[in-house]
Protein chains: 2
Amino acid sequence: MSWASEIEGLNRIEPGARATLERDSRRVTVPAGTVVFGPGAQADNLIVVLRGAVRVQHVSESGRQIVLYRVNPGETCIMTTACLMAHEAYSAEGVTETEVDAVMVPRRTFDTMIGLSSDFRTFVFDAYAQRMTDLFLLIEDVAFQRMDIRLAQKLLELSKGAGSVGTTHQQLAAELGTAREVISRLLQEFRRRGLITSARGEIVLNDAAGLRNLAATD
Amino acid sequence: MSWASEIEGLNRIEPGARATLERDSRRVTVPAGTVVFGPGAQADNLIVVLRGAVRVQHVSESGRQIVLYRVNPGETCIMTTACLMAHEAYSAEGVTETEVDAVMVPRRTFDTMIGLSSDFRTFVFDAYAQRMTDLFLLIEDVAFQRMDIRLAQKLLELSKGAGSVGTTHQQLAAELGTAREVISRLLQEFRRRGLITSARGEIVLNDAAGLRNLAATD
DNA sequence: TATGTTTGGTGACTTGGTCACAGACGCGCG
DNA sequence: CGCGCGTCTGTGACCAAGTCACCAAACATA
């Protein structure tokens with residue numbers, strides 16, 4: 001029940017506010033691959049992720065995709081509240097990448113908490129700031145960065161220190177907002193240079209240092 | 001003094017909260033071309049624009065620019081508070097496009113107001129939501145939209161119904177995050193098709209309907 | 001008028017996106 | 001097993017966009 005103590009930014013919240021928060025919110029477990037919010041689906045809760053990750057992505061009419069950011073444990077999907085309040089059309093969707101444990105804070109409780117606790121306000125504004133800067137960095141990347149560098153960075157990010165990444169070219173294209181053919185050609189070049197080896201749905205990072213070196217070429 | 005009454009979202013604020021807000025905040029006038037915030041400049045105030053416009057843009061190390069959004073009258077530059085709270089490096093800068101009348105709400109007052117007034121909270125969250133959706137649309141544009149369509153849209157937007165736009169090719173490139181040469185070539189094509197005529201620093205929209213038609217080609 | 005700066009134009013080249021299609025692999029089913 | 005079928009990857013041709021180098025016209029002002 002006492003989930004708030006596990007979360008950076010909420011663990012030292014005022015006792016009264018914390019009681020309200022934990023009493024009024026509901027803990028859920030969602031299987032992998034679930035669309036937790038998206039166009040048409042009105043979200044009436046602030047979602048705080050405890051375990052797993054939610055991928056937030058944009059899908060254009062032409063079918064092309066780009067991943068905007070991920071919501072990791074201890075983070076909150078603040079977009080839902082913002083977009084709800086503004087009654088704007090939701091142009092992004094959230095999909096669970098793994099099984100996810102999360103807490104749903106009802107809109108009403110959220111509003112009460114904001115008035116009640118300055119720690120909670122800080123938590124919420126930090127979340128906004130984090131997403132904003134994520135989006136700023138993404139815009140810079142998409143507008144100005146070469147695709148080979150972005151791909152090298154993404155491979156290192158997705159591998160998380162492990163020596164390989166289990167994704168298809170199509171999935172990588174959706175991550176970076178480009179076309180599959182572009183990924184195929186770049187991976188071929190990486191392979192030629194000995195940076196990776198690859199099989200169907202699997203990319204092995206043979207020379208992570210070399211990739212890091214490429215990724216650092218700003 | 002009673003500036004809050006002029007602002008959509010603050011005009012029906014609770015009387016007590018409104019008194020606090022107007023007592024503690026300071027009205028300023030800033031000349032055109034002033035950098036009101038940017039890398040290194042710590043902002044300690046929430047800024048609400050009353051008259052004029054602030055352009056928020058990103059400048060990359062390579063010197064290329066892109067305009068992220070504009071803060072118009074009645075709107076607030078919420079980014080400053082967010083980035084201040086997160087203590088993140090500020091990767092964007094704000095420049096006044098015209099002479100600007102604005103209100104500076106100190107950080108302390110901002111925090112008090114958030115706790116005091118639900119109307120003020122709504123105002124703030126609406127502002128966040130607005131910026132977020134702006135950034136989402138920008139990402140979609142940059143990632144997926146053809147440059148000729150983006151340029152046509154931008155010309156119509158900047159002309160604001162008037163028949164012409166007084167900007168250089170370089171400025172348009174900075175708006176859209178591309179290179180001057182690309183703008184020059186596209187404008188040449190527009191000219192060839194009779195959509196515009198142009199002189200040094202001036203573009204005349206001869207066929208606004210034609211441009212709108214092009215811009216609508218999603 | 002002379003001179004330097006800003007603005008715009010152009011060609012050659014590289015990178016990235018689109019389209020069409022083909023081969024390779026995995027898997028179920030007769 | 002052999003056969004289809006869907007998914008994944010490779011490839012060539014072409015177009016769109018960004019980069020680089022350079023030039024010419026317009027303007028500012030001494």
Side-chain angles (χ1 to χ4, degrees), chain A residues 33 58-66 139-155 164-193 196-204 214-215 217-218, chain B residues 33 58-66 139-155 164-193 196-204 214-215 217-218:
Chain A
H58 175 89
V59 184
S60 77
E61 319 84 37
S62 60
R64 272 177 66 188
Q65 295 186 8
I66 187 166
I139 288 170
E140 167 157 32
D141 253 34
V142 171
F144 302 134
Q145 195 65 283
R146 290 175 51 99
M147 196 55 80
D148 53 354
I149 292 170
R150 293 180 59 205
L151 178 55
Q153 289 170 342
K154 189 56 78 173
L155 287 175
S164 67
V165 184
T167 47
T168 66
H169 297 190
Q170 183 59 64
Q171 284 173 315
L172 285 169
E175 285 280 338
L176 297 171
T178 182
R180 180 193 56 80
E181 295 92 318
V182 175
I183 300 294
S184 290
R185 282 193 270 260
L186 289 175
L187 287 177
Q188 213 161 12
E189 174 63 15
F190 286 1
R191 218 160 34 204
R192 197 191 61 72
R193 290 201 244 164
I196 62 166
T197 52
S198 69
R200 193 186 170 93
E202 186 78 15
I203 295 163
V204 180
L214 174 61
T217 314
D218 277 309
Chain B
H58 175 88
V59 185
S60 76
E61 318 85 36
S62 59
R64 274 177 63 187
Q65 293 185 10
I66 187 166
I139 288 171
E140 168 158 31
D141 254 32
V142 172
F144 303 133
Q145 195 65 284
R146 288 173 52 100
M147 195 56 78
D148 54 353
I149 292 170
R150 292 180 59 205
L151 178 55
Q153 289 170 342
K154 187 57 76 174
L155 287 175
S164 67
V165 184
T167 47
T168 66
H169 296 190
Q170 183 59 62
Q171 284 172 315
L172 285 170
E175 285 280 337
L176 297 171
T178 182
R180 180 193 55 82
E181 295 93 315
V182 175
I183 300 294
S184 289
R185 281 194 267 260
L186 288 174
L187 286 178
Q188 212 161 13
E189 174 65 16
F190 286 2
R191 217 162 34 206
R192 197 191 59 73
R193 290 200 244 165
I196 63 167
T197 51
S198 68
R200 192 187 172 91
E202 186 78 15
I203 296 162
V204 180
L214 174 61
T217 314
D218 277 309

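Everything quoted here is computed from the prediction, not taken from an experiment. All chains are named by letter (A, B, ...) in the order of the sequence lines, taking the proteins before the strands, and each is independently numbered beginning at 1.
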Inset, instruction - Answer yes if the side chains of A:Arg191 and A:Ser198 hold a donor-acceptor pair under 3.5 Å, and no otherwise. - result: yes

Inset, instruction - From the options D:dG10, C:dT18, D:dA16, select the nucleotide whose nearest atom is closest to the side chain of A:Gln188. - result: D:dG10

Inset, instruction - Give a yes or no on whether a salt bridge exists between A:Arg185 and A:Glu181, defined as a side-chain N under 4.0 angstrom from a carboxylate O. - result: no

Inset, instruction - Please determine which of B:Val182, B:Ile183, B:Leu186 meets the side-chain contact (heavy atoms from CB on, under 4.5 Å) test together with B:Leu176. - result: B:Ile183

Legend entry - Interatomic distance where CG belongs to B:Leu187 and P belongs to C:dG9 [whole Å]: 8 Å

Legend entry - Heavy-atom closest contact (A:Leu214 atom, A:Asp148 atom, distance): CD2-O, 4.2 Å

Legend entry - Closest to side chain of B:Thr168, choosing from C:dT7, D:dG10, C:dG17: C:dT7

Legend entry - B:Ala215 backbone acceptor or donor facing B:Gln153 side chain under 3.5 Å: yes

Inset, instruction - Looking at every strand, decide which applies to B:Arg150 at a 4.0 Å heavy-atom threshold: base, sugar-phosphate, or nothing. - result: nothing

Legend entry - Nucleotide nearest B:Arg64 when distance is taken to its side chain, options D:dT19, D:dT9, C:dT18: D:dT19

Inset, instruction - Please check if any side-chain donor atom of B:Glu140 sits under 3.5 Å from a side-chain acceptor atom of A:Ser60, or the reverse. - result: no

Legend entry - Whole-Å gap separating P (C:dG17) and CG (B:Asp148): 16 Å

Inset, instruction - Encode nucleotides 19-28 of chain C as B, S and - characters from 5' to 3', where the letter depends on protein heavy atoms closer than 4.0 Å: B to the base, S only to sugar-phosphate, - to neither. - result: BB---BBS--

Inset, instruction - Please check the phosphate of D:dG18 (OP1 and OP2 only) for any side-chain N or O of B:Thr178 closer than 4.0 Å. - result: yes

Inset, instruction - May I ask you to evaluate whether A:His169 reaches the phosphate of D:dT7, defined as a side-chain N or O under 4.0 Å from OP1 or OP2? - result: no

Inset, instruction - Report the distance from atom CG of A:Leu172 to atom P of D:dT7, rounded to the nearest whole Å. - result: 18 Å

